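Taking it in order: structure first as structure tokens, then the write-up.
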Amino acid sequence: MRWTCEYLKHPHLLSPSNLTRNLINTYKFAFLHIQHSSLVNGDSTYESKIKTLHANLIKNGSLLHNLQVGNRLLNRCVESLNFGYAQKLFDEMLYRDVRTWTIQLSGFARVGSFSSALDCFRRMQNECVWPNKFTLSSVLKCCSSLYELRMGKSVHGWIVTSGIGLDVTLENSILDLYVKCEAFDYVKKLFELMEDRDNVSWNIMVGAYLHIGEVEKSLCLFERLPEKVVASWNTIIDGLMKNGFQGIALELLYRMIISGHVFNKVTFSIALNLASSLSNVELGRRIHGCVLTFGVQDDRFIRNSLIDMYCKCGEMEKASVLFRKVSRDFLRMRNAKTSCEAEIVSWSSMISGYVRNGEYDDAFKTFRSMVCEQVGMSKFTLTSIVSACANAGILVLGRQMHAYIMKVGHKIDAHLSSSLIDMYAKCGSLDDAWKIFKQTDNPNVVQWTSMISGCALHGQGREAVKLFEHMTKKGIRPNEVTFIGVLTACSHAGLLEDGCDYFKLMKGHDLKPGFEHFACMVDLYGRAGHLNEAKEFIYNNSLSHLSAIWRSLLSSCRLHKDFAMAKRVSEKLPQLEPCDAGPYILLSNMLATEHKWEESAKVRRLMKHRGVKKHPGQSWIQLKNLVHTFVAGDRSHPQDTEIYSYLERLIGRLKEIGYSSDVQMVIQDVEEEQGEVFLSLHSEKLALVYGIISTPCGTPIQIMKNLRVCTDCHNFIKCTSQLLDREIIVRDIRRFHQFKNGRCSCGDYW
DNA sequence: TATACGCCAA
């Protein structure tokens with residue numbers, strides 16, 4: 001170490017004539033020394049020292065004339081993810097050999113810039129540099145990550161014909177390529193033909209079975225593995241999780257620990273993912289503790305997994321604490337022109353976390369700062385932000401985002417286009433959703449599904465059914481989500497028979513109905529007034545332990561005014577879902593309508609005693625680029641006096657044309673304040689009135705609500721649309737209601 | 001200097 005420092009201080013010692021093998025070794029130490037001190041002193045010293053060394057090398061010409069020295073320096077830059085510098089160095093080098101290219105290429109691959117890596121490979125071919133095995137396996141990895149089957153096949157062919165010779169690593173790379181590209185015939189053939197198989201090969205095969213959902217086979221193979229390394233455990237645990245076997249995955253994780261395997265970075269990521277998919281924040285915290293004990297908290301992948309875990313468990317505070325560190329690092333690295341793919345992932349995670357937790361405002365804030373800080377955008381970021389627009393239901397914002405995506409010239413892939421379709425549908429413009437859908441070349445199942453669900457959302461059941469038929473005729477296999485869309489459409493349009501047929505059709509497509517499908521069916525029977533069939537369906541399919549199912553039935557009871565059954569159902573709910581406020585409020589209200597005040601109060605007390613969280617109902621309206629949010633009985637708006645006095649006058653005028661408050665509406669799981677606040681102060685009424693007084697006569701008004709709209713408000717809005725001759729659009733949690741001339745597009749069926 | 005297993009989107 002001391003020697004290297006001397007060399008740094010006296011660059012003349014590095015004269016070209018002295019470039020013997022010994023001297024090259026000295027360089028090696030110089031690099032190691034610099035790297036060591038970078039760990040101790042932080043990035044800035046590292047930067048300057050590399051630069052000093054670089055300058056010295058240029059000065060005495062050794063960089064230009066000695067490949068080994070140049071390659072080594074390049075490798076250091078790549079390893080420290082300093083791509084700007086690496087690129088500069090690469091361009092400066094007089095001589096480049098296959099190693100130079102390979103270092104650059106595999107560096108890109110390591111940070112996930114696979115297309116840059118492949119560009120590099122093409123340039124290399126143009127300059128007639130013959131690739132070696134290292135180059136080729138990196139290239140194959142890029143192909144498999146980008147699902148470039150064609151290019152991968154041609155590389156495979158080239159390897160065979162060029163006589164470069166296959167070894168286990170290369171064959172593994174090819175095997176993996178075929179697995180990723182789902183070319184299973186090739187996988188089988190190649191695996192059988194392989195002479196040497198190491199534990200990587202076996203691991204690829206375990207992964208292959210998991211990839212196609214053959215869980216049994218993969219477990220068998222895993223148990224028979226000649227040697228179980230950490231990666232084997234990682235593969236099986238992750239694959240089980242992705243196939244929905246969280247329980248077995250967790251068991252295996254424990255087994256892995258007991259059998260003495262030490263976690264690697266990948267294991268931490270997978271374990272955190274498992275915690276969030278189990279919604280087990282306690283497990284997540286424990287793993288976070290281990291991460292700190294192992295001292296790997298600064299690993300980018302692990303940090304992202306931690307952020308993601310906290311986001312998915314609804315702990316945005318905790319996630320944002322971790323995220324603050326990322327954005328600080330990002331600024332520092334941007335100044336060093338360093339690649340930051342991993343940092344983009346953190347931003348995307350935060351945005352999607354905010355969206356998931358309904359904090360749209362923070363999602364937009366994060367996005368805006370991402371634009372200001374010039375963080376690169378990924379398709380993940382854009383998809384998340386479009387979905388934030390969709391959930392917020394603000395069409396203007398959604399359009400702006402669409403324009404932004406076009407402006408930055410981002411390719412609209414399947415994910416993005418389906419989220420755009422979803423966004424336009426959820427923001428009320430089904431026409432625009434259709435436009436995007438029709439622009440799509442070969443819509444895949446997800447895009448079809450988005451369009452079908454969009455029609456369902458707007459109550460266009462027949463259109464949705466037509467789309468479904470069209471899609472299957474085209475030979476596209478519907479998935480579980482597609483069926484949710486079409487079943488919802490049927491139930492909203494009262495197409496009982498069609499719905500039953502589609503439910504049966506699921507089996508024909510080899511799909512097992514899940515909880516959502518059963519819920520759709522209960523809804524379908526209930527809405528059509530077949531309450532007893534609905535109840536039978538619940539018991540026949542053993543769904544009686546699911547609260548959401550009973551809640552759906554309850555809505556139907558309300559719709560068809562079967563109060564006796566409603567009461568029986570509402571008594572079940574608090575037992576099934578002790579932590580949800582809805583059922584308690586519901587039950588207490590039901591008891592109140594029967595004047596059983598003492599019992600009603602008892603239910604409320606029980607709720608308080610159990611510390612049940614309330615889910616506040618709120619409505620919002622967007623006017624002139626501002627979003628105004630209201631909760632029931634809200635007094636916080638600056639124009640509240642105006643709103644309340646107009647509301648009072650409006651109710652008076654509505655009563656003259658036959659509106660009366662619906663006292664029975666309390667049999668519903670609407671706003672938490674029910675029974676506490678007068679019906680007339682529900683948030684949707686406040687938002688509507690604010691819309692009326694802030695816009696000229698005749699302007700259509702659109703409001704959003706995060707729960708279902710209640711019967712009284714529905715009546716109120718119907719009458720208002722007639723009295724004021726205004727089109728009023730309400731998007732509640734389930735669907736769109738378009739009020740016109742005293743009627744609603746849902747046909748009072750929601 | 002290479003290959004398997006990990007984070008973010010509908």
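All of these numbers come straight from a predicted model, not from anything done at the bench. Values reported hereafter were calculated over all heavy atoms of this structure, with side chains retained and with hydrogens, waters and symmetry mates removed. Numbers restart at 1 for each chain; the letters A, B, ... are given by sequence-line order, proteins then strands.
- Remark: A:K242 is in phosphate contact with B:dG6, judged by side-chain N or O atoms under 4.0 Å from OP1 or OP2.
- Side-chain proximity of A:D238 to B:dA10, B:dT3, B:dC5: nearest is B:dC5.
- Shortest non-hydrogen contact noted between A:A390 and A:K426 is O-CB, 3.6 Å.
- Whole-Å rounding puts the A:I103 CD1 to B:dA2 P distance at 10 Å.
- Ring pair A:F184/A:H211 is tilted by interplanar angle, where 30° to 60° counts as tilted.
- Nucleic acid contact class of A:D97 (heavy atoms, under 4.0 Å, all strands): none.
- Within the nucleic acid shown, A:D299 comes within 4.0 Å of at least one base atom, counting heavy atoms only.
- At the heavy-atom level, A:S450 lies nowhere under 4.0 Å from the strands shown.
- For B:dC7, one of the phosphate oxygens OP1 or OP2 lies less than 4.0 angstrom from a side-chain nitrogen or oxygen of A:N273.
- Residue A:S348 places its side chain closer to B:dC8 than to any other of B:dA4, B:dG6, B:dC8.
- Residue A:S137 is in base contact, counting any heavy-atom pair closer than 4.0 Å across all strands shown.
- In this pair, A:H156 and A:Y178 present their aromatic rings tilted. The plane angle is within the 30 to 60° band.
- With ring centers used as reference points, A:F222 lies under 6.0 Å from A:W233.
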